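Only one structure is covered here, and it is reproduced in the block below.
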Amino acid sequence: MLKDFYLEILHVDKITGARYGILHTPHGDVEVPMFMPVGTNATVKCLSPEQVKACGSGVILANTYHLHLTPGEEIVKKAGGLHAFMGYDGPILTDSGGFQVFSLASRRKITEEGVTFHNERNGNKEFFSPEEAIRIEEALGADIIMSFDECIPYPATKEYVARSTERTLRWAKRGLEAHRREDQALFGIVQGGAFSDLREHAARELAAMNFPGYSIGGTSIGEPKDVCYKMIRDAIAFLPPEKPRYLMGVGSIDYILDGIEAGVDMMDCVLPTRLARHGALMTSHGRVNIQRAQYAEDFTPLDEECDCYTCTHFTKAYLRHLYKAGEEFGKTLNSIHNIRFLIRIVEGAREAIKEDRFLEYKQECLAKYGDKRGF
RNA sequence: GGGCGAAUAGCGAAGUGGCCAAACGCGGCUGACUGUAAAUCAGUUCCUUCGGGUUCGGUGGUUCAAAUCCAUCUUCGCCCA
């Protein structure tokens, strides 16, 4: 049986049903709802594990497909697993490679057995099956691991979505049967595209397989906001309330708040770190493109409401300078800020849930930060 | 003093008679980014009231037409004395 992993729900917002609780993992307890920064290659780009922790982050994501390519799961295993390898003692979650079925669509082929990726770096063929993904994820040793799925593009025909969703369900079952480690929580992933009946079907089928947690996939890949909202609701309605729910790939404020309102516990996204590296910063006053000339002599903090290391020690003029000069440190400072900014939003959500005022909090946030995509 | 070569938009650099307001790179300005093929990608960069106007070191020519050919001047580089 699964050791040391369970969700302790401490409060449910009386108006919305948003949940506050503690997710217990073999590498520590983390409060939910939470936002998880992405560290695809066993590093949140530009940040040390200490810096990530200082942002208030609980779980770090890593990627099975990319770590399989470099350095290979055997090396990570020899190093003592991901935690030892990357010097991070908090909880780690690995995505299965299902997102790469979507993002690397031009170089892969899907069959019932699995997915063959064409690795353009060396010409190799990389075959991923549900069993292979689990084998790699067990070698990597994260606390939370994902079933191998197909992240379905949007838009897609109902026929395609139905066929793919059924296959992902079969893959989930195969992964579950292949999974052995008792110190890892394997999550099933709900697909079903934008079709309510398919989302319901997928959620019901996965719930019946009794996974320790459930993900909602195929969201935030370009679909309209209301469609995403519906996908979340359609899936959650049929997931067991006592299990953790993970909304994959969501990272803009409005989507995060929608997810939490619907009862999501975990979310991840590359958005804050990627935007940061590209000089786009999330602030109380909206988006700041730090490269802009208007900040050249702006000696005020990026966001005076923010308590992060960047905002408490540096000015916009300095951040702009680092960006224009191409200095790595700028990307680090920007990443610290964006992650902290999003995590502060989620911390606020947790406090609001405890006091049954989540809806009010959400509306305040949207009024303040707007509801633009990509922030 | 003599010989040769070079001068092109903020910088570097193509272009050597019409398809040139002038490739390309850098720099400048702006935008995008959602389970990371992403320290990436895209737009824009002489002026304009969008009709057009003024450019390719200066001046004067040749030609229907010149950044491109000729003359001359200026500046810079190299070589010879």
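The sequence lines fix the lettering, A, B, ..., with proteins before strands; numbering per chain opens at 1. Since the model is a prediction, treat every value here as computed from it, not as a measurement.
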Taking NZ, NE, NH1 and NH2 as the nitrogens, is one of them in [X] or [Y] under 4.0 Å from a carboxylate oxygen of the other?
X        : Y        : answer
A:Arg340 : A:Glu347 : yes
A:Glu177 : A:Arg174 : no
A:Lys368 : A:Glu364 : no
A:Arg135 : A:Glu138 : no
A:Arg292 : A:Asp298 : no

Side chain of [X]: nearest nucleotide among [options]?
X        : options             : answer
A:Ser220 : B:G31, B:U40, B:U34 : B:U34
A:Asn289 : B:U36, B:G35, B:G31 : B:G31
A:Ser252 : B:U36, B:U34, B:C29 : B:U34
A:Val270 : B:U34, B:C29, B:A39 : B:U34
A:His278 : B:G35, B:A32, B:U36 : B:A32
A:Lys45  : B:A39, B:C33, B:C29 : B:A39
A:Leu61  : B:U30, B:G35, B:U34 : B:G35

Determine the Euclidean distance between corresponding [atom1] atoms of [M] and [N]; express it in Å to zero decimal places.
N     : M     : atom1 : result
B:A23 : B:C56 : C1'   : 14 Å
B:A22 : B:A9  : P     : 15 Å
B:C73 : B:C4  : P     : 14 Å
B:C20 : B:C24 : C1'   : 15 Å
B:U55 : B:A67 : P     : 9 Å
B:U74 : B:G60 : C1'   : 15 Å
B:A71 : B:G53 : P     : 32 Å
B:G17 : B:A65 : C1'   : 8 Å

[N] - base-pair partner by Watson-Crick or wobble geometry, distances under 3.5 Å:
N     : answer
B:C76 : B:G5
B:C24 : B:G12
B:C19 : none
B:C50 : none
B:A38 : none
B:A71 : B:U59

Checking all strands, does [X] fall into the base, sugar-phosphate, or nothing category for heavy-atom contacts under 4.0 angstrom?
X        : answer
A:Gly330 : nothing
A:Gln100 : sugar-phosphate
A:Glu327 : nothing
A:Arg121 : nothing
A:Leu93  : nothing
A:Ser215 : nothing

Practice problem: Pull up the glycosidic torsion of B:G27 and say syn or anti, syn being anything within 90° of 0. | Solution: anti

For the pair made of [atom1] in [X] and [atom2] in [N], what is the distance, rounded to whole Å?
X        : N     : atom1 : atom2 : result
A:Ile290 : B:C29 : CD1   : P     : 13 Å
A:Leu271 : B:U40 : CG    : C1'   : 14 Å
A:Tyr369 : B:U34 : OH    : P     : 22 Å
A:Arg320 : B:U30 : CZ    : P     : 7 Å
A:Asp95  : B:G35 : CG    : P     : 10 Å
A:Gln294 : B:G28 : CD    : C1'   : 16 Å
A:Tyr65  : B:A38 : OH    : P     : 11 Å
A:Lys331 : B:U40 : NZ    : C1'   : 10 Å

Quiz item: Does A:Tyr309 have its ring centroid less than 6.0 Å away from the ring centroid of A:Phe314?
Solution: yes

Quiz item: When the ring centroid of A:Tyr369 is compared with that of A:Phe341, is the distance short of 6.0 Å?
Solution: yes

Exercise. Name the residue closer to the 5' end of RNA chain B, choosing between A:Asp149 and A:Asn41 according to the nucleotide with the nearest heavy atom.
Key: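 On the 5' side of the pair lies A:Asp149.
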
Quiz prompt | 5' priority, RNA chain B, between A:Gly326 and A:Gln291 [closest heavy atom] | solution =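 Looking at RNA chain B, the more 5' nearest nucleotide goes with A:Gln291.
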
Quiz item: Is there a donor-acceptor contact under 3.5 Å linking the side chains of A:Ser164 and A:Glu150?
Solution: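 Yes, because at least one side-chain N or O of A:Ser164 sits under 3.5 Å from a partner of the opposite role on A:Glu150.
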
Quiz item: Ring-on-base stacking between A:His66 and B:U36, under 5.5 Å between centres and under 30° between planes: is it there?
Solution: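 Here the ring of A:His66 and the base of B:U36 are not stacked, as the 5.5 Å and 30° limits are not both satisfied.
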
OP1 or OP2 of [N] versus the side-chain N and O atoms of [X]: is any pair under 4.0 Å?
X        : N     : result
A:Arg277 : B:C33 : no
A:Arg287 : B:G31 : no
A:Lys324 : B:C29 : yes

Exercise. Tell me, please, whether A:Tyr214 has A:Lys243 positioned over its six-membered ring: NZ or CZ under 6.0 Å from the ring centre and within 45 degrees of its axis?
Key: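 No - A:Lys243 does not lie over the ring of A:Tyr214 by the 6.0 Å and 45° rule.
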
Quiz item: If you take atom types as modelled and just measure distance, does the side chain of A:Ser103 reach the base of B:U36 with a donor-acceptor pair under 3.5 Å?
Solution: no

